[in-house]
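This report concerns only the one structure given below.
Computation of the quantities below employed the complete heavy-atom set of this structure, encompassing side-chain atoms and omitting hydrogens, waters and symmetry-equivalent molecules. In what follows, every chain begins at residue 1, and chains take the letters A, B, ... in the order their sequences are listed.
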There are 2 protein chains.
Amino acid sequence: MPVAEMSTHLRQSAPLTQSLPEQIAARLSERIVSGAYTPGQRIMEQNVAEEFEVSRGPVREALRLLEKDGLVMILPRRGAQVTNPSIEEVNEIFDIRAMLNGLRDRLIAEGPQRVQLIPVLEQDIARLAETAANPGPGDEYIDIVLRLNRLLTQAAGNHRLQAILGSLAVQTVRYTRLGLSTPQRRQQSARNWQSLLQAIRDGNGDAAERIARQRVIDSRDAAAEHLRAQSA
Amino acid sequence: MPVAEMSTHLRQSAPLTQSLPEQIAARLSERIVSGAYTPGQRIMEQNVAEEFEVSRGPVREALRLLEKDGLVMILPRRGAQVTNPSIEEVNEIFDIRAMLNGLRDRLIAEGPQRVQLIPVLEQDIARLAETAANPGPGDEYIDIVLRLNRLLTQAAGNHRLQAILGSLAVQTVRYTRLGLSTPQRRQQSARNWQSLLQAIRDGNGDAAERIARQRVIDSRDAAAEHLRAQSA
DNA sequence: ATTTGTATTATTGTCAACAATCTTCTTGAC
DNA sequence: GTCAAGAAGATTGTTGACAATAATACAAAT
C-alpha cells in the first residue's frame, strides 16, 4: 500500500459534491450536536487536521462554517470552542424562532403551495397524534417534528428565512428534544400541530402565525422548565 | 522608489484592536455599500491581497466575513462576488426584518429599560418630524432613522437578535434609502415613529410590535415601488 | 458564420513552514 | 505556603509556493 489508508474517506477522486471544508464541518457538526464534543470544549485545528489528514487551512474554514451556524465560538488567538449558551441566550434564540416560524407558517397558509402540502402534513401530523402519548424519550415523535419543520421551512419559499431558521434550529435542537421529553408536552404539541393544519386548510394566515408562535413559546418554556429542574 | 508606499495603513505595530481580516472586511464593506464595487462584480483574492499588501489567507477570511453579512456571495471554485439580490430576495429580507423589528420593539415596550430610553427617543423622533417634510433626498432624516434603529436594536437586549438585525439592515440599507427618498414617505414614516413612541410610553407591547411591522412593510413597499418605476 | 475541441491563462484550493501570541510550568522571593 | 516573574511549550495567525480547476482564446471543421 503506497500511502496510509484514509480512515475517514474524506477525499474522493471523483468530483466532490461538497467542498473539503464542508465535509469536515459536517463531520464536526455531528459530533457537536450528538454531544461527543461537550459544550465549552476547545477544538484545536492541529488535532482535527491530523485526524482527517488534511492541513490546517480547510479545518480553519470548516470552523468558520460552524461558527456561522452558531455551533462553535471563535475567539481571537484562542481558537474555536463548542458553544455553551446560557439559559438567557437560549431563550433569546427561541424568541427569534417564534417570530420567524410565525412568518413561515403565515406564508404557507397564504401561499399557493399549501394545496399540495396539505396531504403530506395530514399524514405526518396524524402520526404525531399517534406517537405523542407513547412513553419514553419520544425520539420517534421528535424525528417527525424535525422533518415537519424542515418541510415547512422549505415550502415557505423565502430563501433567507430558510437559512436563518435552519441555523437557529440546529442551535436549539438539543433544547427542543428536552422540551418534548414527556408525553404530556408531546400531546400539547400535537394539538398545536393539528390547529396549525386547520389554519393552513382555511388559508388563515393570522391564525397560522399565532399558532406557530405559541408552539415555539411552549417549546421554550418546557425546555426552560427542564433546565431549571436540572440545575436545582 | 524602493517599494510602493502603503496607501492603506492596514498594519499597525501597536496591538491591533481589530484582526487583520476584520480590517480588510471593513474596508471592502465600505466599498460595497458605497457602490464602489458594483453588484455582481467579482472580487479576486489576489488583487485585494496585493492592494493591502497581505497574503491571500486573511483576504479569504475577510471575504467569509462579508459573506456572513450577506454582502458577497462565495461560490465553490468561483470565488466571491458582490451580491446582487433580486427584487424577490429583497422583499424576503424585508419580511424577516418586519417580524424581528416587531419582536425588538415589543421587547422594548415591555422591558424595564424603556424609562431611560423614552427621553432619547422623544428627542430623535421630534427631529424626525422636523426634517421629514424637507425637500431633497432626505439624508438627514435617514441618518436619524438609522441611528434610532441602532439604538433600539441595542436596547432590546437580545444579543442574537441584534446580530441578525444588524446584518439584515446592512443588506437593505440601500433600499431603505430609496424608500425614504420622498417627503411624503418620510412624513408617513415620522407618523409611524410617533405612534411607536406612544406605544412604548404606554408599555403596550402588542401595539409596538404591530407598529414596527407596519413601518418595515411600508418601507418595503415604498422601495419596491421605486424599483418598479426604475426598471420600467 | 457557427460550433466544437484544444491549449493557454487565470483563479481558487491546499499545503507546510514560520511568526506572533497565549498558556502553562517552573523557579524564586517573601 | 502563596504569589510573582520568567522560561518553555502549545496554539493560532500569516505567508508563499504548489496543485487543481474553471474561464478564455484560438483554431479547425462543418
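Among pairs with a residue in residues 64-74 of chain A, those fulfilling side-chain hydrogen bond (donor to acceptor under 3.5 Å, both in side chains) read A:R64-B:E61, at least two apart in sequence or across chains.
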Subject >> Where protein sits on nucleotides 8-13 of chain D, one letter per nucleotide: B base, S sugar-phosphate only, - none, heavy atoms under 4.0 Å >> reply: ---SBB

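Salt bridge status for A:R160 with B:E92: absent, with no side-chain N to carboxylate O gap under 4.0 Å. Taking the charged nitrogens against the carboxylate oxygens, A:E209 and A:R104 have no contact shorter than 4.0 Å, which rules out a salt bridge.
In this structure, B:E50 places its CD atom 14 Å from C1' of D:dT15, rounding to the nearest Å.
Annotation: salt bridge (Lys or Arg N to Asp or Glu O under 4.0 Å) contacts of B:E30 (sequence neighbours excluded): none.
No hydrogens or angles considered: a donor-acceptor pair under 3.5 Å links the side chains of A:R31 and A:Y37.
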